[in-house]
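Below is one structure, written out as structure tokens; the observations come after it.
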Amino acid sequence: MVLAKSKKSVGLGNTLMNDRFGKGKGSDRKRVSAVTRIDHATGKEYITNDKQDAAWVKMRSITEQGALDEFLATAELAGTDFTAEKMNNVKIIHTDQRNPYLLSAKEEQAVLGKQRANKSRLTVPRRPQWDSTTTRDELDQRERESFLEWRRGLAELQETQDLLMTPFERNLEVWRQLWRVIERSDVIVQIVDARNPLMFRSEDLEVYVKDVDPKKHNLLLINKADLMTYKQRKMWANYLKGEGIDYRFFSAQLAKEMIEAGGYADSDEDSEDESDVGEGPSTKEETPKAEEKASEEKEEAKEEEITEQNDPDTHILRVDELEDILLQYQPEGQDRKLQVGLVGYPNVGKSSTINALIGAKKVSVSSTPGKTKHFQTIHLSDNVLLCDCPGLVFPNFANTKAELVCNGVLPIDQLREYTGPAALVARRIPQPFLEAVYGIKIKTRPLEEGGTGIPTADELLDAYARHRGYMTQGLGQPDQSRAVRYILKDYVNGKLLYCEPPPGSGVDGPEFNAELYDMAHLPENRRVAMLSALEGADIDDTATLTSEMTALALPQGQKSKKLDKAFFKSGGNGGHIQQAFHQKYSQQGQAQNMVKHMSGRKLRALIAAEQGVNVKEVQMEMGGKKHFKGGMGLKGGKGKRRAGRSGNNDDDD
């Protein structure tokens, strides 16, 4: 007889849900809505459960997807199923003398031509039209369809034109936050990195802002402008003005330093006072020529500083000046606060800019979450309201993946192929500056042996790894994968500085960045070491580094001196020297053995042989003194008895 099913019994599925989420906590996952799917092969419809994710899962930023993940995401957006097909995607890379992960000059020009021809197809997703009569489900369906069409267009652009694109945001939820910020703000501020402004700028975003409302404004805020020289800022200013782009230079780092120093009040007067103090008589005796040269340099520096301050095109804004410029975009006849939308890549300093703005105002900051609870509004002052959008990666063109790594778009810690980015750094940064920054000597292949005069990735990484002591286990070879991470992080953080020249300027990269590789741009400890090594030479901080200067400027630090002293000391050193088995029988080996410290019977036998006396007559005292019968320190029978006891001990031995 079959027993009736108990009403209190719980199925396996509910048991697992309760075990994972706790009793009653998995109820939201049990109630799933049914959706209709279409089998693409047969055309039949079927019903399945809709995918339910937590809120934090929906808001994850997705910039790169594997082939399978992208396939599943596309299928989910389209609401269809697809039949898997086997494809042969094997690629054979032919390696030769040049780096296969970098482009030659001819290939780079061809790629740039294709990028200019397809620039108009590089767009951002648009939000579909909606009104008060549009339901939530209808709007959600329209947004999914529009986003799917946008992704299909970019995929077609990559496949048909064979163009490499930067990893862009593939999560619809993140783009929805951008749409809300644009609809709400009066002015959209794009924050870009000064080292490569066009890489982080989205032209189509500015077009989309005007499409939403022609009264809205766009502003390009070039952050980290302190990394550029005055001439570099001037060239970029001429280019941006010629293109009709509204821009401003800013530095969140300088703003932070001024806030910490309290230098926003009468900063100009303070700087003038400090400059006057430094012009007092020097206690150091100087020749008239040196005094004349120093005075000329001071006058030239003061003239350049005055020129930079009076040039509005290249002026680096302070926080109060930035707020005044933002207030110029206030719509006429509007009583509410000016709403400023801040948009930018995750690594261009958007958060640092917001923190600098808030810290300089010294006001209480209140965050009022919007309806989506993902972007926040920050009350900067009584007149300005900031709308902080989550960090977005816009689609853009790139020449190689090495360029994406060096620009900070791809994460360095997840890097697998590192020779391309390392070779790009070695190509952009001059060899003397690399040697001076790290205190290394890069051994390159001579020109007569096929070298190019520029260090390769292996040569740079080997020199750095050997200097730092990064070696692989087992074989003991330089650990290049570890060394490249330190070098690339220094490049991204600005320790190894390189700025892209503006297009059409007629200036190449080395000429555009020539002023960045002098003594003044070295770290403090390296600059002091070089100046001390080159003492007596007519060299100042503005001198350009050369191979001869860096070869002289490699003094050892205290740690290196201590290590060498312990390794090369005469006895008991840390070095392991392997010698031939007959070394101790040679004249050199016997001399080395004589130097060794001996004690006990061997030392007594050696002393007796040198003095020509009997071993039993040799007396060793605790202080290490040697006494012989009839010689120093032996007095009568006491000395004999001691010698006799010593001899008895030798017999016993």
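In this chain, residues are counted from 1 in sequence order.
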Inset, instruction - Mind running side-chain contact (heavy atoms from CB on, under 4.5 Å) on Leu522 and Val437 for me, showing each step along the way? - result: CA-CA 6 Å; Leu522 288 176; Val437 168; 3.7 Å; yes

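- Taking the six-membered ring where tryptophan is involved, the planes of Phe147 and Trp150 are tilted, since the angle between them lies from 30° to 60°.
- Using a 4.0 Å cut-off between a side-chain N of Lys or Arg and a carboxylate O of Asp or Glu, Arg152 and Glu149 qualify as a salt bridge.
- Using a 4.5 Å heavy-atom cutoff, the side chains of Glu156 and Glu159 are not in contact.
- Considering only heavy atoms from C-beta on, Leu154 stays 4.5 Å or farther from Arg121 through its side chain.
- Comment: Asp186 does not engage Lys215 in a salt bridge, judged by the lack of any side-chain N to carboxylate O separation of less than 4.0 angstrom.
- A cation-pi contact, defined as under 6.0 Å to the ring centre and within 45° of the axis, is absent between Arg248 and Phe250.
- Ion pairing between a basic and an acidic side chain is recognised when a charged N comes within 4.0 Å of a carboxylate O; Arg527 and Glu524 show such pairing.
- A 4.5 Å side-chain heavy-atom check between Lys224 and Gln253 finds every atom pair outside the cut-off.
- The pair Asp140-Arg136 does not meet the salt-bridge criterion, since no charged nitrogen lies less than 4.0 angstrom from a carboxylate oxygen.
- Residues Glu500 and Arg428 are paired through a salt bridge, judged by an N-O separation under 4.0 Å between the basic side chain and the carboxylate.
- Using modelled atom types, one finds a donor on one side chain and an acceptor on the other under 3.5 Å when comparing Asp131 with Thr133.
- Salt bridge status for Asp211 with Arg126: present, with a side-chain N to carboxylate O gap under 4.0 Å.
- Under 3.5 Å, the side chains of Glu515 and His521 contain no donor-acceptor pair of N or O atoms.
- The environment of NZ in Lys210 is crowded: more than 12 heavy-atom neighbours from other residues, nucleotides or ligands sit within 6.0 Å.
- Aromatic ring pairs are classed by plane angle as parallel below 30°, tilted from 30° to 60° and perpendicular above 60°; the pair Tyr491 and Tyr498 is parallel.
- Using modelled atom types, one finds no donor on one side chain facing an acceptor on the other under 3.5 Å when comparing Asn407 with Tyr345.
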Inset, instruction - Let me see the working for Asn396 and Phe168 under side-chain contact (heavy atoms from CB on, under 4.5 Å), right down to the final yes or no. - result: CA-CA 8 Å; Asn396 206 338; Phe168 56 89; over 6 Å; no

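- Taken to the nearest 0.5 Å, the CZ atom of Arg184 stands 5.0 Å off from the OG1 atom of Thr377.
- One finds no salt bridge joining Asp382 and Lys337 here, because no Lys/Arg side-chain nitrogen approaches an Asp/Glu carboxylate oxygen to under 4.0 Å.
- Taking OH of Tyr230 as the reference point, atom CE of Met235 lies at 12.5 Å (rounded to 0.5 Å).
- A salt bridge does not link Asp204 to Lys119: none of the charged side-chain nitrogens sits closer than 4.0 Å to a carboxylate oxygen.
- Donor-acceptor pairing under 3.5 Å is lacking for the side chains of Glu173 and Gln177.
- Evaluated for a side-chain contact (heavy atoms from CB on, under 4.5 Å) with Trp236, the options Ser505, Pro502, Cys499 yield exactly one hit, Pro502.
- From Leu205, atom CG reaches atom CG of Asn218 across 6.5 Å, with rounding to the nearest 0.5 Å.
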